[in-house]
Colleague: 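Quick one: structure below, then a few questions.
Just so you know, these numbers use all the heavy atoms, side chains as well, and skip hydrogens, waters and symmetry mates.
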Amino acid sequence: MQRDVNPVDEFQRSWLLAQLGPDTDLADLERRFFRLRSVRAVALEVLGERRAKLLADPLKVIVDGVVTMDLQENLRGLERQIEQVRHGPAPEGGPDDEDDALDPVIEVTWLAVTRRYR
């Protein structure tokens, strides 16, 4: 059974571009949204890919007297941004909102006294 997925609306698109930068490919975001059904999941996937790219290469390179390159702060900033997207407000809307999975669930059960007779 396939559910209808509305395309990313203007508010969601603006939020995604604010999180991911204005140079992000909009068609790629639309494809990801169709697959993941959540703008928060789209943002987290893109940020996770960016983090993986940073980790694939050395974070610090020093060539004595020539150049020093340190990407550790970039990695920390990216990890802070991932946490902000994960726990901050996002324009989800609809019944497919992933925040429902993060909300605490309380279940109440009534206990009844039973008597056993032999």
Side-chain angles (χ1 to χ4, degrees):
M1 181 170 117
Q2 184 178 10
R3 293 184 291 182
D4 292 333
V5 177
N6 295 329
V8 178
D9 65 30
E10 191 62 33
F11 183 65
Q12 292 170 325
R13 186 176 298 110
S14 297
W15 184 84
L16 280 169
L17 291 177
Q19 302 305 313
L20 304 173
D23 296 333
T24 307
D25 181 16
L26 293 176
D28 179 49
L29 295 179
E30 289 281 342
R31 284 189 299 273
R32 290 175 192 255
F33 182 75
F34 182 75
R35 181 172 47 87
L36 298 170
R37 302 171 191 244
S38 164
V39 290
R40 182 188 313 272
V42 169
L44 289 173
E45 184 175 78
V46 172
L47 292 171
E49 287 175 1
R50 291 178 184 177
R51 181 180 179 276
K53 279 184 184 179
L54 272 176
L55 290 173
D57 294 326
L59 291 176
K60 191 170 190 176
V61 176
I62 299 173
V63 178
D64 288 335
V66 179
V67 69
T68 299
M69 185 177 75
D70 189 356
L71 299 176
Q72 292 174 352
E73 283 303 314
N74 291 3
L75 178 62
R76 286 187 200 108
L78 193 53
E79 288 172 343
R80 283 190 302 267
Q81 186 178 12
I82 288 171
E83 286 304 308
Q84 179 185 1
V85 168
R86 182 173 287 135
H87 299 295
E92 298 295 340
D96 296 332
D97 192 359
E98 286 191 358
D99 283 344
D100 292 341
L102 300 176
D103 291 339
V105 175
I106 298 175
E107 293 185 18
V108 177
T109 303
W110 295 97
L111 299 176
V113 178
T114 60
R115 297 181 189 212
R116 292 185 172 188
Y117 296 100
R118 288 188 191 203

Colleague: Compare every heavy atom of Ala90 with every heavy atom of Arg40, then report the nearest pair and how far apart it is.
Modeller: NH2-CB, 3.6 Å
Colleague: I would like to know whether Gln19 and Val46 meet side-chain contact (heavy atoms from CB on, under 4.5 Å); could you show each step before the answer?
Modeller: CA-CA 10 Å; Gln19 302 305 313; Val46 172; over 6 Å; no
Colleague: Identify whether Leu17 and Val85 are in the same connected component of the hydrophobic contact network (ILVMFWY, side-chain heavy atoms under 4.5 Å).
Modeller: yes
Colleague: Looking at every heavy atom in both Ala43 and Leu20, which two are closest together, and how far apart are they?
Modeller: O-CD2, 3.9 Å
Colleague: Mind checking what makes salt bridge (charged side-chain N to carboxylate O under 4.0 Å, His left out) contact with Arg80, not counting sequence neighbours?
Modeller: none
Colleague: Once rounded to the nearest 0.5 Å, what's the spacing between atom CG of Leu78 and atom CD1 of Ile82?
Modeller: 4.5 Å
Colleague: According to salt bridge (charged side-chain N to carboxylate O under 4.0 Å, His left out), who are the partners of Glu45, at least two apart in sequence or on a separate chain?
Modeller: Arg32, Arg35
Colleague: Do Leu29 and Arg13 come within less than 4.5 Å of each other through their side chains, counting heavy atoms only?
Modeller: no
Colleague: Report the distance from atom CG of Leu44 to atom CZ of Arg51, rounding to the nearest 0.5 Å.
Modeller: 12.0 Å
Colleague: Would a single hydrophobic cluster contain both Leu26 and Phe11, if residues Ile, Leu, Val, Met, Phe, Trp and Tyr are joined by side-chain heavy-atom contacts under 4.5 Å?
Modeller: no
Colleague: Salt bridge check, Glu79 against Arg76: does any charged N sit closer than 4.0 Å to a carboxylate O?
Modeller: no
Colleague: Grab the two heavy atoms, one from Trp15 and one from Val39, that are nearest each other, plus how far apart they are.
Modeller: CZ3-O, 3.8 Å
Colleague: Give the minimum heavy-atom separation between Pro7 and Glu30, together with the two atoms involved.
Modeller: CB-OE1, 3.7 Å
Colleague: What donor-acceptor contacts under 3.5 angstrom involve side-chain atoms of residues 60-71, with partners at least two apart or in another chain?
Modeller:
from: Asp70; atom 1: OD1; to: Gln72; atom 2: N; distance (Å): 3.1

Colleague: Evaluate the side-chain proximity of Leu75 to Leu59: yes if any heavy-atom separation is below 4.5 Å, no if none is.
Modeller: yes
